[in-house]
Each structure stands twice: as C-alpha cells, then as structure tokens.
Protein chains: 2
Amino acid sequence: MEGKTIEKSFDTQYLKDYLIDHGVKPSTIRIKVLEYLLKNRIHPTAEDIYNAVYEDIPTLSKTSVYNTIDLFLEKNIIQIINTGNKESRYDIDTSIHGHFSCNICNRVFDFDIDSIEYDKSILDGFIINEQKVLFKGICNSCK
Amino acid sequence: MEGKTIEKSFDTQYLKDYLIDHGVKPSTIRIKVLEYLLKNRIHPTAEDIYNAVYEDIPTLSKTSVYNTIDLFLEKNIIQIINTGNKESRYDIDTSIHGHFSCNICNRVFDFDIDSIEYDKSILDGFIINEQKVLFKGICNSCK
DNA sequence: ATATCATTTTGTACTGAGTACAATTTTATT
DNA sequence: AATAAAATTGTACTCAGTACAAAATGATAT
C-alpha cells in the first residue's frame with residue numbers, strides 16, 4: 001500500500017455546502033472546479049482546471065473557468081499564486097503559507113510559515129489584506 | 001526646504017563602474033536605464049523605464065529595454081516584482097525585503113524584513129535562490 | 001405548466017505585456 | 001580602413017487573460 005495516493009472523495013452535498021458557506025451559489029461547473037481543486041493539490045493553472053473539468057463537461061468554455069476562478073478569488077475560496085511565469089496558479093488553501101516554485105520542473109510546494117518579522121513602522125496605517133511568501137530555486141528532485 | 005525631493009546625482013563614471021562591477025559592459029542605454037533606476041526608486045515597469053529613457057534616446061526601442069532588464073536580472077542588478085497585475089515591476093534593491101502593493105494607487109512600498117520563520121523540513125535539500133515577500137492591501141494615503 | 005425575469009454559460013474577438021528573430025547599427029580589433 | 005563581435009532596432013508574433021453580447025439554464029410568479 002505504501003506510496004499509493006489515496007484520492008479523497010467529496011460528495012456533491014459537501015461540495016455544494018462548501019460553496020454556499022463561502023457565499024457562492026452552486027452550479028455544475030463551480031462544483032466540478034471546486035472538486036478538482038480539493039482533490040488535486042498541485043496549484044493548478046487555469047489551463048489545468050479547464051482540461052480536467054472539460055472531461056466531465058465537454059461544453060465547458062475557458063471563459064467559464066476564468067469566471068469561476070474570479071468568483072472563487074473574490075469569495076476567498078482560493079488564492080492566486082504568481083510565480084513570475086506567465087500563467088497564474090491557484091491554491092484551495094487560503095491560509096497564509098509559503099510557496100516554493102521550482103525553476104526546473106515548475107512545480108509549486110507549500111511550506112508552513114510561523115511568522116514574518118518585519119518593520120511595521122513603514123506600513124503604519126496600511127490595510128494588509130494578503131501576505132504572500134514566494135521562494136524560488138531548485139527542488140530536491142531536480143537538483 | 002522641507003518636503004523637497006533631493007534628486008541624487010550619479011556621474012557617468014560611477015554608473016559605468018556599477019555596471020562593470022556587476023559584470024555588464026556599459027553602453028549608453030544600460031547607463032541611462034541604471035541611472036533611471038537609481039534615481040527613481042518607484043519600482044518602475046518596463047513601460048516607465050522606456051518612457052523615461054526615451055526622452056534622452058529617441059531611437060530607443062522597447063526590445064532594448066527588455067533586453068537590458070533581462071541582462072540586469074541575470075547579473076543581479078535588479079530584482080523583479082510580480083504584484084499580480086500584468087505588468088512586472090523592477091527594483092534596483094536586490095536585497096531581501098518586503099513589498100507592499102497598494103490595490104488602489106498601485107504603488108509599491110518597501111519594508112524591511114528581519115526574519116521569516118518557516119518550517120524548513122519541507123524544503124530540505126532545496127536550493128533557494130530567491131525569497132520574496134509581497135503584501136497587498138490599501139496604503140495609508142488611499143484608505 | 002408556462003410565461004417572465006435573473007443568472008450562468010458560451011463563443012468570438014480582442015488586448016497588451018513580453019518574445020523571437022533577422023536586419024541594422026555601433027563598437028572593438030586586426 | 002577592413003573585419004569581426006556585440007548591441008540595438010523594427011516587425012511580427014505569442015498567448016494568458018478580458019470584454020461583451022448571444023444563448024442556455026435556472027428561479028419565480030401567474
């Protein structure tokens with residue numbers, strides 16, 4: 001059994017409630033996109049999402065994927081990751097954590113952040129909505 | 001005198017040496033771009049750089065600006081800032097520090113970082129070349 | 001049910017930052 | 001001055017993401 005990926009399962013009701021809890025009215029596309037994001041923790045691109053969901057919904061358009069992404073971002077269901085490559089990536093985990101982007105394989109790894117110690121005086125009075133930490137380099141399996 | 005911006009001056013020899021010290025052969029464009037970056041600590045876009053240097057060099061092409069930026073990035077003269085907006089920005093300060101990007105005025109502010117406490121176990125064996133910290137929100141004068 | 005309205009989804013055309021690349025110009029070397 | 005090397009330019013192109021109107025779907029009222 002070791003090394004075997006256990007695919008999590010999420011039933012439709014769970015997915016619907018997840019959306020409703022985040023202020024999003026469920027629809028087939030939204031449920032499928034959410035399901036894909038929950039099952040595939042690979043920080044996918046819009047293209048990745050499109051290709052995967054297209055399997056289930058052959059009438060799917062790219063615009064719908066972007067619409068869904070925009071809605072999910074707005075409702076804080078996902079966060080965007082800009083690694084510097086042109087394609088944005090998306091993360092179903094909206095908590096503050098770090099991302100390591102490998103310059104070779106292009107994969108993005110999560111890592112936990114305990115704290116960021118910074119000089120708060122410069123940002124005095126600023127409203128901070130997002131805190132993003134991005135490391136870049138070469139991952140263990142590529143070096 | 002208060003509130004008056006004192007523009008720093010950099011003579012040509014200083015700029016040439018700055019480039020040479022970073023492994024870049026000086027040219028008119030490179031000197032002008034470097035001078036602009038040193039004098040205007042506003043994290044400019046490629047467009048900003050183009051517009052400014054175009055004043056002095058009317059034959060300047062966008063491609064040359066991108067060529068210069070790529071060279072400066074490679075030689076670690078500048079670092080790139082991806083705020084999530086489509087245009088990249090560039091910073092002559094290549095040290096590790098934070099950037100705050102205002103969602104209203106689009107300005108980018110620097111702030112000092114003392115340390116990032118993170119779980120190093122996940123990145124064990126990884127080669128970390130860049131560490132970027134980006135905060136987003138609303139700056140003091142926009143809120 | 002069925003008509004009406006609102007929302008979601010689709011298709012097409014478009015945008016614009018950045019790139020590819022060959023031609024030209026400038027700089028360095030013999 | 002002739003030649004070679006490097007820098008710069010101009011043009012055309014790419015392609016992730018957007019704008020927007022038409023079509024389809026879903027919700028509500030009669």
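Chain naming here is simple, since letters A, B, ... match the order of the sequence lines and numbering starts at 1 in each. Every heavy atom of this structure was used, including side-chain atoms; hydrogens, water molecules and symmetry mates were not.
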Task: Identified side-chain contact (heavy atoms from CB on, under 4.5 Å) partner of A:K75 from the options A:L19, A:V24, A:T94 - done: A:V24
Backbone N/O of [Y] and side chain of [X]: donor-acceptor pair under 3.5 Å:
{"X": "B:R30", "Y": "B:K25", "answer": "yes"}
{"X": "A:D119", "Y": "A:S121", "answer": "yes"}
{"X": "A:R89", "Y": "A:P44", "answer": "no"}
{"X": "B:T68", "Y": "B:S64", "answer": "yes"}

Starting from [atom2] on [N], measure out to [atom1] on [X] and report it in whole angstrom.
{"X": "B:I57", "N": "C:dT26", "atom1": "CD1", "atom2": "P", "answer": "12 Å"}
{"X": "A:K25", "N": "C:dA6", "atom1": "NZ", "atom2": "P", "answer": "12 Å"}
{"X": "B:Y50", "N": "D:dT8", "atom1": "OH", "atom2": "P", "answer": "14 Å"}
{"X": "B:I69", "N": "C:dA17", "atom1": "CD1", "atom2": "C1'", "answer": "11 Å"}
{"X": "A:E47", "N": "D:dT14", "atom1": "CD", "atom2": "C1'", "answer": "14 Å"}
{"X": "B:N106", "N": "C:dA17", "atom1": "CG", "atom2": "P", "answer": "12 Å"}
{"X": "B:K32", "N": "D:dT8", "atom1": "NZ", "atom2": "C1'", "answer": "17 Å"}
{"X": "A:K62", "N": "D:dG17", "atom1": "NZ", "atom2": "C1'", "answer": "10 Å"}

Nearest to the [X] side chain among [options], which nucleotide is it?
{"X": "A:I29", "options": "D:dG17, D:dT9, C:dT10", "answer": "C:dT10"}
{"X": "A:N67", "options": "C:dT10, D:dT18, D:dT9", "answer": "C:dT10"}
{"X": "A:Y66", "options": "C:dA17, D:dA7, D:dT18", "answer": "D:dT18"}

Open item on the list: Which is more 5' along DNA chain D, the nucleotide nearest A:D70 or the one nearest B:R30? Just name the residue.
Closed with: B:R30
Task: Distance test, side-chain N/O of B:T59 to OP1/OP2 of D:dT9, below 4.0 Å - done: yes
Task: C:dT9 phosphate, OP1 or OP2, under 4.0 Å from A:S64 side-chain N/O - done: no
Open item on the list: Using a 6.0 Å distance limit plus a 45 degree cone around the ring axis, check whether A:K62 lies over the aromatic ring of A:Y66.
Closed with: no
- [ ] Pull out every residue in residues 72-94 of chain B that has a heavy atom closer than 4.0 Å to any atom of DNA chain D, ordered by number, or say none.
- [x] none
TODO: Indicate, yes or no, whether a donor-acceptor pair under 3.5 Å links the base of D:dG26 to the side chain of A:S27.
DONE: no
TODO: Report whether B:I49 and B:Y54 are members of the same hydrophobic cluster (ILVMFWY, side-chain heavy atoms less than 4.5 Å apart, transitive linking).
DONE: yes
